[in-house]
Amino acid sequence: MDLERINNIKPLFFNKDTVADVFRIAPSSAGVLCSRYVKNGIFIRLKRNLYMLKTRFINSNENEKYQIANMLQVPSYISFTSALAYYGATTQIQQNFIEAAAILRTKEISLEENVFKYLKLQKKYYTDFSRTDGVFMASAEKALMDAVYTASFGKYYLDASALDISKIDINKFNKLLKRYPLRTRKYWEKLYERIEHA
């Protein structure tokens with residue numbers, strides 16, 4: 001095992017072509033090497049031909065975990081309680097658990113005691129996110145909107161008692177809300193009333 005060359009792998013994510021360059025071997029040999037290093041616990045296979053150093057995954061910071069979440073399912077953006085926590089709009093802490101919105105499918109991926117959960121949204125609701133520091137993230141208002149929308153259909157649990165509405169631009173949120181079904185709007189009315197009287 002060539003630890004010096006392994007440590008020369010600089011990108012957060014890499015494929016067999018990166019390994020081929022670092023080790024100065026053919027791509028076919030790099031593919032075999034990647035498989036061996038996954039088996040030996042040196043690399044983590046995120047998905048087909050996409051790897052990460054296991055030590056870097058284990059020691060990854062919050063921003064890197066968000067980048068991993070974005071890469072595990074493309075396209076996706078960080079949302080729901082994960083994004084609300086990022087903005088300080090909820091006191092709910094999700095240790096090693098990241099939620100994201102996606103348009104392909106609802107799924108859950110477990111890697112090294114970390115869970116990445118994706119909730120499918122209709123394409124028309126896949127909006128109001130931006131890329132900052134390499135991460136696709138919903139605005140605080142859209143993160144709450146995604147949570148309210150999916151909760152209104154019984155597909156998500158939103159802990160209203162943990163919300164800090166002062167971190168949300170209510171005017172911006174209400175503009176978003178107008179685009180959603182009556183069921184979602186009624187759900188929010190009841191939820192907001194509970195929050196206001198808490």
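Counting from 1, the numbers follow the sequence of the chain as shown. Just so you know, these numbers use all the heavy atoms, side chains as well, and skip hydrogens, waters and symmetry mates.
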With sequence neighbours left out, the residues meeting side chain to side chain donor-acceptor pair (under 3.5 Å) with D159 are S161
Say you draw a straight line from CG of N114 to CD1 of I58; how long is it, rounded to the nearest 0.5 Å? 9.0 Å
Running the 4.5 Å side-chain criterion over Ile, Leu, Val, Met, Phe, Trp and Tyr, what cluster does F97 land in, apart from itself? V115
Please name all residues satisfying side chain to side chain donor-acceptor pair (under 3.5 Å) with Y149, sequence neighbours left out, ordered by chain then number. Q122
Quick check on the hydrophobic clustering: are L176 and I170 connected, directly or via other members, by side-chain heavy-atom contacts under 4.5 Å? yes
Is it the case that the side chain of K47 and the backbone of Q73 share a donor-acceptor pair, with hydrogens and angles ignored and the cut-off at 3.5 Å? no
I'd like to know if the side chain of N49 and the backbone of K16 have a donor-acceptor N/O pair within less than 3.5 Å. yes
May I ask you to check whether Y126 and Y77 place their ring centres under 6.0 Å from each other? yes
Decide if the gap between the ring center of Y180 and the ring center of W188 is smaller than 6.0 angstrom. no
Rounded to the nearest 0.5 angstrom, the CG-CD distance for D133 and Q67 is 8.5 Å
Distance in Å, L84 CG paired with Q92 CD, rounded so as to fall on 0.5 Å steps: 9.5 Å
Any sub-3.5 Å donor-acceptor pair from R45's side-chain atoms to S35's backbone N or O? no
Mind running side-chain contact (heavy atoms from CB on, under 4.5 Å) on E99 and Y156 for me, showing each step along the way? CA-CA 11 Å; E99 295 171 318; Y156 188 77; 2.7 Å; yes
Minimum heavy-atom separation for A143 and S79, please, with both atom names. CA-OG, 3.4 Å
Taken in chain and number order and not counting sequence neighbours, the residues that satisfy side-chain contact (heavy atoms from CB on, under 4.5 Å) with K186 are L182
With rounding to the nearest 0.5 angstrom, report the SG to CZ distance, C34 to F14. 6.5 Å
Is there a path of hydrophobic side-chain contacts, each under 4.5 Å between heavy atoms, that joins F153 and L191? yes
Should M145 and T184 be marked as a side-chain contact (heavy atoms from CB on, under 4.5 Å) after you check the CA-CA gap, both sets of side-chain angles, and the distance that decides it? CA-CA 9 Å; M145 189 69 256; T184 302; 3.6 Å; yes
Any donor-acceptor pair under 3.5 Å linking the side chain of K155 with the backbone of S152? no
Does Y37 form a side-chain contact (heavy atoms from CB on, under 4.5 Å) with I6? I'd like the steps, not just the answer. CA-CA 10 Å; Y37 281 0; I6 289 170; 3.6 Å; yes
Would you mind checking if R179 and D128 are paired as a salt bridge, meaning a charged N to carboxylate O distance below 4.0 Å? yes
Do S76 side-chain atoms and A102 backbone N/O form a donor-acceptor pair below 3.5 Å? no
Drop me the distance from K178's NZ to R185's CZ, to the nearest 0.5 angstrom. 10.0 Å
Can you give me the closest heavy-atom contact between Y187 and A151, atom names plus distance? OH-CB, 3.4 Å
When clusters are formed from ILVMFWY side-chain contacts under 4.5 Å, directly or step by step, what else is grouped with I44? L12, F13, L46, L50, M52, F57, Y66, I68, M71, L72, I78, Y86, Y87, I98, I109, L111, F116, Y118, V135, M137
Can you list the steps and then say if L158 with T150 is a side-chain contact (heavy atoms from CB on, under 4.5 Å)? CA-CA 9 Å; L158 176 60; T150 49; over 6 Å; no
Heavy-atom side-chain contact between I168 and S166 under 4.5 Å: no
Nearest atoms (heavy-atom pairs only) where T90 meets A85: CG2-N, 3.4 Å
Could you identify which residues cluster with Y157, counting Ile, Leu, Val, Met, Phe, Trp and Tyr as linked when any side-chain heavy atoms lie under 4.5 Å apart, either directly or through a chain of such contacts? none
Quick check: is V148 connected to I195 through a chain of hydrophobic side chains (ILVMFWY, heavy atoms under 4.5 Å apart)? yes
Do N96 and E112 come close enough that some side-chain heavy atom pair is under 4.5 Å? no
Which atom of K120 lies closest to which atom of R105, heavy atoms considered: CB-C, 3.8 Å
So do I165 and L144 actually touch side chain to side chain, heavy atoms under 4.5 Å? yes
Scanning both residues in full, the closest heavy-atom pair of N70 with G134 reads OD1-O, 4.2 Å
To the nearest 0.5 Å, how far apart are CZ in R56 and CG in N61? 9.0 Å
